[in-house]
Amino acid sequence: MKKFRVWLTALLLAVGSGLLAPGPASADPYCGLVWGSLAKVEPALSQAPVTNVRTGQHYCFDRLVIDLNGPVGGYTVRYVPQVTQDGSGLPVPLRGQAFLQVTAHAPAYDGNGKPTYDPANPNELSDVSGYQTFRQVAWAGSFEGYSSLGLGVRARLPFRVFTLAGPDTGSRLVVDVAHFW
């Protein structure tokens, strides 16, 4: 019994002094992502027209890509209560619990007013069924040199926006939305 008391006393002293205490709790960001959910804006304009919209799935995020026929100028990407159409301001109905209004500061028509991007179904630009975060991608129009679309997502999740050069003389506006916080 004496040995038990000695071991118990030693154990209690070790715990009390912090020698056997667990380390502080720390949570790494999901997949190492440190993005936020506030608006991302680059104010520059571009004459490079929008030519395509596509999506993809990645391990930690879902991706939206807007292709342009020339260098990307600027963009505005932000969570909104309701995505609205360019020009008219009419609501764009979207599936999801949160909505990103994605605006490329570039037209979707050429210098003669001919459309460079004219989706067959403006309400479903890409089939995102089975995506972890995306719920719907819809066209909101192109007006006075700005082209917008609505991105319905399952929750207000962190996102990032960046641009890539290419292919060839074109460029891409990329929006990644994380699967989790």
Side-chain angles (χ1 to χ4, degrees), residues 35-58 61-111 113-167 170-179:
W35 312 334
S37 63
L38 297 179
K40 276 83 169 162
V41 178
E42 172 58 50
L45 294 173
S46 175
Q47 294 302 312
V50 172
T51 58
N52 194 28
V53 174
R54 53 199 166 92
T55 59
Q57 298 180 72
H58 295 267
F61 54 86
D62 289 346
R63 174 169 284 177
L64 170 74
V65 178
I66 301 173
D67 294 318
L68 291 95
N69 188 15
V72 172
Y75 52 82
T76 302
V77 181
R78 62 191 176 101
Y79 280 103
V80 295
Q82 173 75 57
V83 172
T84 58
Q85 292 179 6
D86 285 345
S88 72
L90 294 172
V92 176
L94 289 169
R95 293 183 299 276
Q97 298 300 310
F99 312 107
L100 280 167
Q101 179 121 16
V102 179
T103 302
H105 298 181
Y109 46 83
D110 63 19
K114 181 181 176 202
T116 56
Y117 179 66
D118 190 16
N121 182 353
N123 295 320
E124 301 288 340
L125 301 184
S126 181
D127 180 7
V128 294
S129 59
Y131 279 48
Q132 194 160 345
T133 295
F134 289 176
R135 296 297 180 257
Q136 185 178 359
V137 184
W139 186 241
S142 187
F143 185 73
E144 294 185 347
Y146 294 86
S147 299
S148 294
L149 51 91
L151 181 57
V153 295
R154 68 177 175 79
R156 185 178 173 130
L157 293 162
F159 68 96
R160 70 175 174 177
V161 181
F162 60 96
T163 62
L164 294 170
S171 61
R172 294 160 283 167
L173 173 60
V174 179
V175 179
D176 292 337
V177 183
H179 292 159

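Small disclaimer: the values here were computed from a predicted structure and weren't measured.
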Is the backbone of [Y] close enough, under 3.5 Å, to the side chain of [X] for a donor and an acceptor to pair up by distance?
| X | Y | result |
| --- | --- | --- |
| Arg95 | Arg135 | yes |
| Thr133 | Val153 | no |
| Tyr75 | Ala106 | no |
| Arg156 | Ser37 | yes |
| Ser147 | Ala108 | yes |
| Ser46 | Pro71 | yes |

Can you name the closest pair of heavy atoms from [X] and [Y] and give their distance?
| X | Y | value |
| --- | --- | --- |
| Arg172 | Pro167 | NE-CD, 4.2 Å |
| Ala138 | Leu125 | C-CD1, 3.8 Å |
| Ala140 | Val83 | CB-CG1, 4.4 Å |
| Ala155 | Ala98 | C-CB, 3.5 Å |
| Tyr109 | Gly145 | OH-N, 2.8 Å |

Donor + acceptor pair across side chains of Thr55, Tyr131 (<3.5 Å): yes

May I have all residue pairs that pass side-chain hydrogen bond (donor to acceptor under 3.5 Å, both in side chains) and include part of residues 80-92, sequence neighbours excluded? Gln85-Ser88, Asp86-Ser148

Flag side-chain contact, heavy atom, 4.5 Å: [X] against [Y]:
| X | Y | answer |
| --- | --- | --- |
| Leu64 | Phe134 | yes |
| Thr116 | Asn69 | no |
| Asn123 | Gln136 | yes |
| Leu68 | Ser171 | yes |
| Leu149 | Ile66 | yes |
| Leu151 | Phe159 | no |

With a 6.0 Å cut-off on the ring centroids, do Tyr146 and His105 count as close? yes

Taking everything shown except Gln97 itself, do over 12 heavy atoms lie less than 6.0 Å from its CD? no

Tell me whether Gln57 at atom CD has more than 12 heavy atoms from other residues, nucleotides or ligands lying less than 6.0 Å away. yes

Should Tyr79 and Leu100 be marked as a side chain to side chain contact (heavy atoms under 4.5 Å, CB included) after you check the CA-CA gap, both sets of side-chain angles, and the distance that decides it? CA-CA 4 Å; Tyr79 280 103; Leu100 280 167; 3.8 Å; yes

Return the set of residues passing side-chain contact (heavy atoms from CB on, under 4.5 Å) with Arg63 (not counting sequence neighbours), or none when no residue passes. His58, Phe61, Val65, Arg160, Phe162, Val174, Asp176

Listed once per pair and sorted, the salt bridge (Lys or Arg N to Asp or Glu O under 4.0 Å) pairs that draw on residues 65-83, sequence neighbours left out: Arg54-Asp67

